[in-house]
Amino acid sequence: MQTALSFSLLAQIETELLAVTAIDTQTAKGPDVKPEPVLLTSDAAVRAAAAAVLSTGEFKAAANETLLLHAPAGLKAKRLVIVGLGKKAKATVHAVRNAAGTAVRCAKPRAIRELVFALPENGSEGPLHAMTCARAAAEGAIVGDFDPDTYRSERKDVSVHSFTLAAPTTSDQPAIQAAFNQGVIVGESQNFARSLVNEPGNKLTPTVFGQRAAKMASEVGLKSEVYSTDKLHELKMGAFWSVSQGSEEPPALIVLRYEPEGVTEGPVLGLVGKGITFDTGGISIKPADNMEKMKYDMAGGAAMVGAMRAIALLKPRVRVIGIVCSAENMPDGKAQKPGDIQTAMSLGDKPGKTIEIINTDAEGRLVLADGLTYARSLGATHLIDAATLTGACVVALGMINAGAFSNDDATIEKFQAGLATSGEKFWRLPLSDEYYDMIRSDIGDIKNTGGRWGGAITAAEFLHAFAEDTPWIHLDIAGLAWIEDKKPFIAKGPSGVAVRSILEWVRSYEG
Ligand code: BES
Ligand code: MN
Ligand code: ZN
């Protein structure tokens, strides 16, 4: 999708589809109360073109509600679509992001390949800041343009070719342009992550994952290294290796480095992603129902790769290392078994922790354990990991919030502050020694599962044992990495969740 900015008068813009936003200002309730939608544009011609239909009360301007008008009088646009932002109080920048996606997804099935989205005009109607909205609109439009049907012989939803954001002539044009450009980078990076997550297990093996990450890295100027079995043995990554040992596909340890010139001091951020390209469960095999979904068990790794892409292009002044531990979890004659003991990578001369495998389906924490230790060995001072780690997290938070855990309040507060920009929902869950007690092993140091209760937390405590005292955040995105029902602004399928929030966290360390 091509993107552009325009500072022309809306009425003068020749386009297939002009999209404008509206809010619902009605405060009264009741059966006979009419909605009071208000367009967020000062363009008199657009207001006039929409006046009659808005006065009917048929359109409420509910969030992502659309109203399409053909041949709108007085406008050069062929069609006008009004997209609702919802009630005035809820019409935030996040509603604008979604509205831009909704506009694009309104165009796609109608074979409209080109549209112009009018930046909501603040006026006295609300707190919509032009720059943040310009960025969000670009993100939303690009995210909205993605569809997962890449293997259909004839794709149903062909891309929109051109998206233009129209901002008022009076705007601070360079500032709007800069914000819009950022949004394009962020949206494209999120879609890059989604395109990886969308790939089935036979197409995106750990090796291919490594190749795709390395190709992206060379395109955006990141250093990359992709290792396999030999390196895992050399580093004594017994936990990571144990997951891959049951598969014909060799593992991939993907390392991406962002080293801004002249930055030799300050934090080194370590981003560690779970990259299980298919999770059968291993010998503790999963039931057949929904097992096909387990191709998205590399969504945490994809989020890190997507975030690294955005970081490389946005160039924050802080060093970042991205690590993906990629493997396929398969049952096989060589696969690990419940009861096996594995020795994890260690830091320095310390002996590696011994792990008693209770359930081979709790494999994500095994690959991440060595990934976290490896990040620390490379000098990471702060860690963040992302993983589709537990069904228990989905039980706890549903598909609305992802889980977030941390051993350090200041570190997670920075992450939480960034959610106001990213618009993603993460909810902090607790850690404590009592939960760690649930994963002590009788035969070794630690067990890879802690029983039925508090499963998201015992999984996080397992990772905590490897992050130790290094400030660390763990994101459990099992419930949000895959969208089960389509929404007006985003397709069913891979969501690209966490890319934007990880990026904001990284930017919060810019010194
Ligand atoms: N990849 C799964 C978790 C998952 C579940 C992701 C649902 C997305 C949707 C993970 O490897 C897993 O199998 N976890 C087990 C852990 C259990 C064996 C302790 C789970 O959640 O059941
Ligand atoms: Mn599993
Ligand atoms: Zn898994």
Side-chain angles (χ1 to χ4, degrees), residues 197-198 201 204 206 209 239-240 242-247 249 251 272-303 324-331 335-340 355-371 385-403 405 429 435 438-439 441 446-463 474-484 492-498:
V197 177
N198 198 42
L204 193 102
F209 195 176
F240 183 0
S242 77
V243 176
S244 70
Q245 74 184 52
S247 171
E249 291 295 339
V272 184
K274 169 178 174 180
I276 301 298
T277 58
F278 196 81
D279 181 12
T280 65
I283 296 298
S284 314
I285 197 162
K286 289 180 181 293
D289 267 4
N290 290 318
M291 202 208 269
E292 78 285 356
K293 291 275 168 56
M294 283 299 112
K295 69 171 188 170
Y296 78 76
D297 212 17
M298 35 61 73
V324 179
C325 299
S326 184
E328 194 183 59
N329 189 22
M330 296 286 278
Q336 69 175 333
K337 305 168 292 295
D340 285 0
I355 304 167
E356 180 186 4
I357 305 298
I358 303 296
N359 188 319
T360 65
D361 197 9
E363 84 297 340
R365 64 201 75 184
L366 297 173
V367 304
L368 288 174
D370 284 342
D385 75 69
T388 45
L389 202 64
T390 67
C393 192
V394 193
V395 172
L397 296 172
M399 295 180 165
I400 310 296
N401 275 274
F405 301 80
L429 295 170
Y435 291 105
M438 294 166 70
I439 51 170
S441 167
I446 188 169
K447 300 190 287 192
N448 82 328
T449 67
R452 183 138 176 238
W453 310 116
I457 306 174
T458 49
E461 278 295 351
F462 185 95
L463 300 178
H474 158 56
L475 306 176
D476 192 333
I477 58 170
L480 277 92
W482 195 265
I483 299 169
E484 300 285 349
K492 258 163 98 158
S495 67
V497 68

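In listed order, ligands and their atoms are each counted from 1.
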Heavy atom of the protein closest to [atom] (residue, atom name, distance):
| atom | value |
| --- | --- |
| atom 9 (C) of ligand 1 | Y296 OH, 3.3 Å |
| atom 10 (C) of ligand 1 | L389 O, 3.3 Å |
| atom 16 (C) of ligand 1 | R365 NH2, 3.8 Å |
| atom 12 (C) of ligand 1 | D361 O, 3.2 Å |
| atom 2 (C) of ligand 1 | D279 OD2, 3.6 Å |
| atom 5 (C) of ligand 1 | G391 N, 3.8 Å |

### Task
Report the member of M399, M298, M294, K293 with the shortest heavy-atom distance to atom 7 (C) of ligand 1.
M294

### Name, closest N/O/S atom of D279 to the Mn ion (ligand 2)
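The Mn ion (ligand 2) is closest to the D279 atom OD2, counting only N, O or S.
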
### Minimum-distance N/O/S atom that E363 presents toward the Mn ion (ligand 2)
OE1

### Query
Is there a side-chain contact between N329 and M294 (heavy atoms, below 4.5 Å)?
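A side-chain contact under 4.5 Å is absent here.
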
Looking at [X], which atoms of ligand 1 are within less than 4.0 Å of one of its heavy atoms?
| X | result |
| --- | --- |
| N359 | 18 (C) |
| D297 | 1 (N), 11 (O) |
| E363 | 11 (O) |
| K274 | 1 (N), 10 (C), 11 (O) |
| T388 | 1 (N), 2 (C), 3 (C), 6 (C) |

### Task
Tell me whether D361 has at least one N, O or S atom under 2.8 Å from the Zn ion (ligand 3).
no

### N/O donor-acceptor pair under 3.5 Å between K274 side chain and L368 backbone
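Judged by distance alone, no pair lies under 3.5 Å.
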
### Message
Donor-acceptor pair, distance only, cut-off 3.5 Å: does the side chain of S247 make one with the backbone of M330?
### Response
no

### Query
Is the number of heavy atoms from other residues, nucleotides or ligands within 6.0 Å of NZ (K293) greater than 12?
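Buried by this count: over 12 neighbours within 6.0 Å.
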
### Query
When you draw lines from the Zn ion (ligand 3) to OE2 of E363 and to NZ of K274, what angle lies between them, to the nearest 10°?
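It comes to 90°.
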
### Task
With the Zn ion (ligand 3) at the centre, find the angle made by OD2 from D279 and OD2 from D297, to 10°.
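So the angle at the metal works out to 90°.
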
### Task
Check whether any N or O atom of T390, backbone or side chain, sits under 3.5 Å from an N or O atom of ligand 1, and answer yes or no.
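There is no such contact.
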
### Task
Please determine if T449 has a nitrogen or oxygen closer than 3.5 Å to a nitrogen or oxygen of ligand 1.
no

### Message
Can you tell me if, anywhere in D297, an N/O/S atom lies at a distance from the Mn ion (ligand 2) that is smaller than 2.8 Å?
### Response
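Not a single backbone or side-chain N, O or S atom of D297 is under 2.8 Å from the Mn ion (ligand 2).
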
